Every structure is written in C-alpha cells, then in structure tokens.
Amino acid sequence: MSFFDNLRRSAQEALLQSSCSFCGLQQSELGICDPCLSAIEPMGRSCMTCASPIEAGHITHKSLNDANSCGQCVKKPPAFDKVIAATRYKFPVDKALSELKFNKQLHYARSLSHVLERRIRLSYEDTPLPQALVAIPLHPKRLSERGFNQSDIITRHLSNSLGIQLSNALTRVKDTPHQIGLSEKQRRKNLNNAFYLRKSLPTHIALIDDVVTTGSTVSEAAKLCLNSGVKTVDVWCLAKT
C-alpha cells in the first residue's frame with residue numbers, strides 16, 4: 001500500500017471518529033470513550049418490567065420464571081411489557097439530556113443511542129425484536145419551538161442500526177405542559193387523550209423516548225396501541241430514573 005493510500009485510509013478513519021461527548025478527550029467511533037461508557041452504563045439491580053431500581057430486600061420472585069419485579073409492577077402491571085434503558089438518569093447523563101433538548105447538543109443523542117443499542121442487543125438475544133419502532137411524538141407546537149424531536153432522532157438511529165422499520169402512526173394531539181416536577185397523578189391527568197393513532201401498527205412494537213420517569217407518557221401511548229390491535233409494547237429509552 002502506497003504512502004497516499006495509507007494517508008487516505010487514515011483520513012477516512014479519522015472522519016469516522018469523534019471526540020467523546022462526555023469527556024471531550026478520547027476519540028471514539030461511537031461518540032463515547034470506553035472509560036466514560038464504563039462510568040455511565042451500569043444500571044444496577046432493576047425491575048424486569050419497568051427498569052426502576054430495586055433494593056435487595058424488595059425483590060419479588062415470580063414463580064414462572066423466577067424473574068425480579070418491583071412491588072408496584074406486581075401490584076399493578078403496566079400497559080407495556082418491559083422497559084430497556086441505556087443508563088440511569090443521573091449525572092452526567094441528566095445534564096447531557098438537558099443539553100440535548102434545550103441547547104440542541106444533538107451529539108448526545110448519537111452517543112447515548114449507541115449505548116442503548118448495546119443494551120437492546122443483549123436483551124433480545126433469545127427473543128424476537130419488535131417489528132416496528134415508534135417515537136413518542138411532540139405536539140406540533142412544541143416541535144416548532146424546539147425544531148426537532150429528540151425521540152425521533154434516537155428512533156432513526158436505532159432503526160438504521162437494528163434494521164427495524166420506523167412508523168409515524170402515533171401523533172400527539174394535546175399540547176400538554178412540561179411534566180417536570182409533577183406527580184404521577186398530575187402527569188396522567190395531563191396525558192389523558194394526548195395521543196392519536198392514525199394508522200395500524202404490527203403486533204409487536206417498541207416505543208422510543210429519551211427519558212422515562214414515572215412511565216406515565218409511555219403508558220398512555222402503550223394503552224392506545226394495545227386498544228388498537230397491538231399485542232406487545234416494549235419501551236426503549238436513553239435513561240430511566
């Protein structure tokens with residue numbers, strides 16, 4: 001290989017690399033370096049359904065598969081089947097997602113989507129992937145103000161990397177106020193009749209959002225999908241509280 005071939009190859013490889021979104025130092029094809037990935041990736045002991053953290057003393061062993069669920073999911077199972085999260089919603093991920101949404105730092109969507117993709121591949125090693133990916137939509141007014149839907153960016157990345165079709169069937173017809181700081185009851189009230197399904201979906205889908213906190217938003221969307229013929233709704237997100 002000639003000197004110029006080596007130079008061209010090095011330049012092409014450099015273009016594929018980018019500085020780590022979190023430390024800004026190391027170069028990585030994924031947009032996040034190995035040390036930062038190791039720091040943010042651990043989820044700890046989590047509920048198999050909602051992905052909320054659970055203490056060792058609060059584990060419920062289901063008789064059928066000896067899986068771990070939190071008391072809330074055992075008492076009142078959610079509409080969705082399971083939540084898969086890239087990481088916990090804590091520093092520095094909480095700051096990164098705030099920068100993504102409110103300061104248009106879109107590189108965080110790319111790097112954290114790679115982390116989520118890793119988690120998804122591990123979670124579906126022995127089970128089929130969903131047939132379609134559906135981003136949690138913004139109301140047109142909010143979309144116009146922000147200029148982009150972060151959930152749509154994440155969904156497009158995952159669709160390309162996992163080879164799963166996108167669906168824009170779900171729309172938001174109610175301009176709900178920001179959910180930050182609201183109780184679960186207040187969130188549910190805000191989200192009542194917030195979504196509309198404009199076309200059919202396959203029987204197994206995944207709803208994609210950036211952050212899942214109480215699960216009110218994805219639960220409302222999941223209920224609508226299930227009432228419209230969908231059989232299984234999974235939820236994928238960058239971070240879970």
Side-chain angles (χ1 to χ4, degrees), residues 1 5-46 50-53 82-125 129-130 133 135-136 138 143 145-164 166 178-180 206-213 217-218 234-241:
M1 187 177 289
D5 287 334
N6 281 325
L7 186 63
R8 188 180 301 110
R9 182 179 178 182
S10 297
Q12 289 172 340
E13 289 176 351
L15 287 172
L16 291 173
Q17 303 285 318
S18 60
S19 297
C20 173
S21 288
F22 289 88
C23 68
L25 300 176
Q26 297 196 39
Q27 297 285 304
S28 169
E29 188 175 339
L30 303 182
I32 181 170
C33 67
D34 288 341
C36 287
L37 179 62
S38 298
I40 72 166
E41 196 173 30
M43 284 285 289
R45 193 183 295 275
S46 305
C50 70
S52 293
K82 60 183 174 182
V83 173
I84 297 174
T87 186
R88 289 275 168 232
Y89 187 67
K90 59 184 181 182
F91 185 83
V93 174
D94 55 351
K95 183 178 183 298
L97 292 179
S98 179
E99 288 290 305
L100 164 63
K101 283 200 282 193
F102 303 117
N103 290 320
K104 296 183 172 62
Q105 297 298 309
L106 304 184
H107 59 95
Y108 285 118
R110 172 177 172 264
S111 54
L112 287 170
S113 290
H114 281 299
V115 182
L116 177 56
E117 180 192 337
R118 284 161 55 105
R119 188 82 65 184
I120 290 164
R121 291 187 185 279
L122 288 172
S123 299
Y124 289 87
E125 281 184 323
L129 285 162
L133 305 184
I136 294 294
L138 293 176
L143 181 60
E145 292 170 353
R146 186 173 296 170
F148 65 94
N149 177 7
Q150 67 279 359
S151 298
D152 186 59
I153 295 172
I154 300 161
T155 304
R156 290 182 183 280
H157 170 88
L158 295 172
S159 174
N160 291 332
S161 59
L162 297 170
I164 304 174
L166 286 168
H178 286 291
Q179 303 281 71
I180 299 171
L207 295 172
I208 317 295
D209 209 355
D210 58 337
V211 182
V212 173
T213 49
T217 301
V218 290
D234 297 335
V235 175
W236 298 351
C237 62
L238 296 185
K240 175 70 178 75
T241 54

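Note that the coordinates shown come from a computational prediction; the quantities given were computed from them, not determined experimentally.
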Might you point out which heavy atoms bring [X] and [Y] nearest each other, and give the distance in Å?
X: Cys237; Y: Leu116; result: O-CD1, 3.4 Å
X: Cys33; Y: Cys23; result: SG-SG, 3.8 Å
X: Ala51; Y: Val83; result: CB-O, 3.7 Å
X: Ala239; Y: Ala85; result: C-CB, 4.4 Å
X: Ala86; Y: Leu112; result: CB-O, 4.1 Å

Okay, side chain of [X], backbone of [Y]: is any donor-acceptor separation there less than 3.5 Å?
X: Ser159; Y: Thr155; value: no
X: Asp152; Y: Asn149; value: no
X: Asn103; Y: Gln105; value: no
X: Lys240; Y: Thr213; value: yes
X: Ser21; Y: Gly31; value: yes

### Query
Relative to Phe102, does Lys95 satisfy both conditions: NZ or CZ under 6.0 angstrom from the six-membered ring centre, and within 45 degrees of the ring's axis?
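No, a cation-pi geometry is absent between Lys95 and Phe102.
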### Query
In terms of side-chain heavy atoms, does Arg88 have a donor or acceptor partner in Ser46 at a distance below 3.5 Å?
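Note: Arg88 and Ser46 side chains meet the donor-acceptor criterion.
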### Message
Under 3.5 Å, is there a donor on one side chain and an acceptor on the other for Tyr124 and Asp234?
### Response
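Yes, side-chain donor-acceptor contact under 3.5 Å.
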So, do [X] and [Y] sit near enough that their side-chain heavy atoms are less than 4.5 Å apart?
X: Arg121; Y: Leu162; answer: yes
X: Trp236; Y: Leu207; answer: no
X: Met43; Y: Arg119; answer: yes
X: Val115; Y: Leu37; answer: yes

Spacing of [atom1] belonging to [X] relative to [atom2] belonging to [Y], to within rounding of 0.5 Å:
X: Ile208; Y: Leu238; atom1: CD1; atom2: CG; result: 9.5 Å
X: Ile32; Y: Cys20; atom1: CD1; atom2: SG; result: 5.5 Å
X: Arg156; Y: Ile154; atom1: CZ; atom2: CD1; result: 12.5 Å
X: Ile84; Y: Lys82; atom1: CD1; atom2: NZ; result: 4.5 Å
X: Ser111; Y: Ile40; atom1: OG; atom2: CD1; result: 7.0 Å
X: Gln150; Y: Leu138; atom1: CD; atom2: CG; result: 5.5 Å

### Criterion side chain to side chain contact (heavy atoms under 4.5 Å, CB included) on His157 and His114, from CA distance to verdict
CA-CA 8 Å; His157 170 88; His114 281 299; 3.3 Å; yes
### Query
Which residues satisfy the ring-ring contact (aromatic ring centres under 6.0 Å, His included) test with Phe148, sequence neighbours excluded?
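Here no residue qualifies.
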#### Entry: Any residue meeting ring-ring contact (aromatic ring centres under 6.0 Å, His included) with Tyr89, in chain and number order, not counting sequence neighbours
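Scan of Tyr89 (ring-ring contact (aromatic ring centres under 6.0 Å, His included), adjacent residues dropped) gives none.
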### Task
May I ask you to say whether Arg118 pairs ionically with Glu41, meaning some side-chain N is under 4.0 Å from a carboxylate O?
yes
### Task
Assess whether side chain to side chain contact (heavy atoms under 4.5 Å, CB included) is satisfied between Leu106 and Leu100, documenting all intermediate values.
CA-CA 5 Å; Leu106 304 184; Leu100 164 63; 3.7 Å; yes
